[in-house]
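Taking it in order: structure first as structure tokens, then the write-up.
For the numbers below, each heavy atom of this structure counts, side chains included, while hydrogens, waters and symmetry mates do not.
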Amino acid sequence: MSKPVAESSQTAPFAPFEWILSARYLRARRREGFISVIAGFSFLGIMLGVATLIIVMAVMNGFRKELLGKILGLNGHILVQPVERPLTDWQDVAERISQAQGIRLLVPVVDGTALASSSNASGVLVRGIRAADLTRLPSVSSTIKGSIERFDEGQGIVIGRRLAEQLSAHVGDSITLVAQRGASTPMGIMPRIKKYPISAVFEIGMSEYDAGLIFMPIAEAQAYFNRGQNVTGIEVFTTDPDRIDQFRKTVMEAAGRPVFLVDWRQRNTTFFGLLQVQRNVMFVILTMIVLVAALNIVSGLIMLVKDKGGDIAILRTMGASRGSIMRIFLITGASIGVVGTLVGFAVGVFVCRHIEAIRQFLSWLTGIQLFPPELYFLSELPAEIDIAETAAVVLMALTLSFLATLYPSWRAARLDPVKAFR
């Protein structure tokens, strides 16, 4: 029995006829419709997997960036708190720390909790602060509606927009603050109750602050919370929050007295740790979509190889090498993965660019408030595309697509033409 023609060494890899045959196999005929359906589902699976991965990673990155920016825009990178004795010398301490290299801003604060009431009531955090420091916090000063010109003179307080809505209060109205620890009387310590006019309203865009924070002149806060001349702590803003370990040593040495330091990572470790865990879990789960789509490519190609056994035998007897046969089916399967990945990339980037408009449209269409700020802290849905992460997603999808074609292509190249003819 004659052997097939020897493998040709003259045909260059990925010759035109290999691309032509691969394109014909992608356009399945009617009797091969089931194979075409599998290829279509593989394409959709890879496209949706890549697009969803890009969108989810971008939203997670946007969450972290927005929340970190808003939290660090209001709270310092390092909080200096007193040890052994109250921080009555806070002005001297702040002056010494401000002379250290890399320190951008120092904000002494007096913090306390109270109950704010008007037509309604809500628990709030009252923060005593100087007017000059308040104007140097861009996340607050850039959104203020009203006036803080006479803020240091005790001519009013500044509250968040959501809190104003809850209390049905506006600029110029007055609200009552009730603190648990007030004046000492023969009957014991009585709650301190005082009415304050609202001089301005701010909106940071983070519901936790907009609905539960009140700014008060620092002198008034010291009197209201019986602090005397001391403060709760000093918020230290540095030039680079990522170098916080280096600045901790600098601040500790510059303080010139026993202090306890808490940096932004310690204050928000649970919150940002949870975000990182969710991000990693979502990446693993959504990668499964791409993996399942790649397995569909394997099954579709195996069926195609079995169906095209006669074609493979004819090509082999006409001089096509095993490498040519392998490349034909490699191109066929990889085309599905490559096109699906590129379309998924385009869809993912488009959705990320217009994600807030899409959210509003879906909310209007369904009548349901998607992404409620009370639960997610932010008033808008953020998306921040990371080039390295997006490239990794695309590369992973392409790699899985190519790996999925290797075994069926190898099976096609190993097919015996004689057995195929029989």
Side-chain angles (χ1 to χ4, degrees), residues 63 66-67 69-76 79 107 109-131 133-134 137 139-148 150-151 154-183 189-227 231-233 235 267-268 270-271 369-380:
F63 257 115
E66 288 294 321
L67 291 175
K70 292 181 184 300
I71 290 173
L72 296 187
L74 183 64
N75 298 310
L79 175 62
V107 180
V109 295
V110 175
D111 288 337
T113 57
L115 178 69
S117 64
S118 180
S119 56
N120 299 309
S122 177
V124 295
L125 171 68
V126 179
R127 169 160 290 187
I129 191 172
R130 296 176 298 189
D133 295 331
L134 189 60
L137 298 177
S139 60
V140 178
S141 59
S142 62
T143 63
I144 282 181
K145 295 181 179 179
S147 175
I148 58 172
R150 303 180 64 187
F151 182 76
Q155 299 300 313
I157 57 177
V158 181
I159 71 173
R161 183 184 66 84
R162 291 186 177 275
L163 178 61
E165 292 176 352
Q166 292 176 12
L167 301 179
S168 300
H170 305 85
V171 174
D173 295 343
S174 295
I175 61 173
T176 301
L177 295 182
V178 182
Q180 183 179 5
R181 297 184 63 85
I189 297 177
M190 302 297 291
R192 186 181 297 276
I193 303 174
K194 191 170 182 180
K195 184 172 289 189
Y196 291 96
I198 301 173
S199 60
V201 174
F202 68 89
E203 183 179 10
I204 295 176
M206 189 171 179
S207 61
E208 185 178 9
Y209 294 144
D210 292 339
L213 183 61
I214 291 178
F215 290 107
M216 179 185 289
I218 189 169
E220 180 62 27
Q222 288 173 327
Y224 185 75
F225 291 109
N226 296 327
R227 302 287 306 191
V231 298
T232 305
E235 299 279 3
R267 297 165 80 174
N268 304 283
T270 303
F271 187 71
Q369 186 183 16
L370 303 176
F371 190 74
E374 293 80 8
L375 298 179
Y376 297 98
F377 301 105
L378 301 176
S379 56
E380 293 185 355

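A donor-acceptor contact shorter than 3.5 Å is absent between the side chain of Arg127 and the backbone of Leu213. Listed for the Tyr224 side chain is a donor-acceptor partner under 3.5 Å among the backbone atoms of Leu177. In this structure, Asp210 contributes its side chain and Gly160 its backbone to no donor-acceptor pair below 3.5 Å. Between the side chain of Ser174 and the main chain of Lys195, no donor-acceptor pair closer than 3.5 Å is present. Between the side chain of Ser139 and the backbone N or O of Ile204 there is no donor-acceptor pair closer than 3.5 Å.
Counting only heavy atoms from C-beta outward, the side chains of Ile218 and Val109 never approach each other to under 4.5 Å. Within the 4.5 Å cutoff, the side chain of Ile144 has heavy atoms near those of the Val140 side chain. Here the side chains of Leu115 and Val124 are not in contact, with every heavy-atom distance at 4.5 Å or above. Proximity of Val126 to Phe225: side-chain heavy atoms (C-beta onward) are separated by under 4.5 Å at one or more points. At least one side-chain heavy atom of Ile129 sits less than 4.5 Å from a side-chain heavy atom of Val107. Looking at Leu125 and Asp111, their side chains come closer than 4.5 Å, going by heavy atoms from C-beta outward. Put simply, the side chain of Thr143 does not reach to within 4.5 Å of the side chain of Val201, judged on heavy atoms.
For the pairing with Phe202, the side-chain contact (heavy atoms from CB on, under 4.5 Å) check across Ile148, Leu163, Val158 returns one residue only, Val158.
Residues Gly128 and Ala221 share a closest heavy-atom pair of CA-CB, 3.5 Å. The nearest pair of heavy atoms linking Ile214 to Ala116 is CD1-CB, 4.3 Å. The two residues Ser147 and Ala200 make their nearest non-hydrogen contact at N-CB, 4.0 Å. Here the shortest heavy-atom pairing between Gln222 and Val110 reads CG-CG2, 3.8 Å. In terms of heavy atoms, Ser168 sits closest to Asn120 at OG-ND2, 4.0 Å. In terms of heavy-atom proximity, Ala211 sits nearest to Gln166 at CB-NE2, 3.6 Å.
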Step-by-step ring-ring contact (aromatic ring centres under 6.0 Å, His included) determination, Phe151 to Phe215:
CA-CA 10 Å; Phe151 182 76; Phe215 290 107; 7.8 Å; no

Output, in order, the C-alpha distance, side-chain angles, deciding distance and verdict of salt bridge (Lys or Arg N to Asp or Glu O under 4.0 Å) for Arg267 and Glu235.
CA-CA 12 Å; Arg267 297 165 80 174; Glu235 299 279 3; 3.1 Å; yes

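A salt bridge links Glu220 with Lys194: the distance from a Lys NZ or Arg NE/NH1/NH2 to an Asp or Glu carboxylate oxygen falls below 4.0 Å.
Partners of Tyr209 by ring pair (Phe, Tyr, Trp, His ring centres under 6.0 Å), not counting sequence neighbours: none found.
Annotation: the span from Ser199 atom OG to Met216 atom CE amounts to 11.0 Å, rounded to 0.5 Å.
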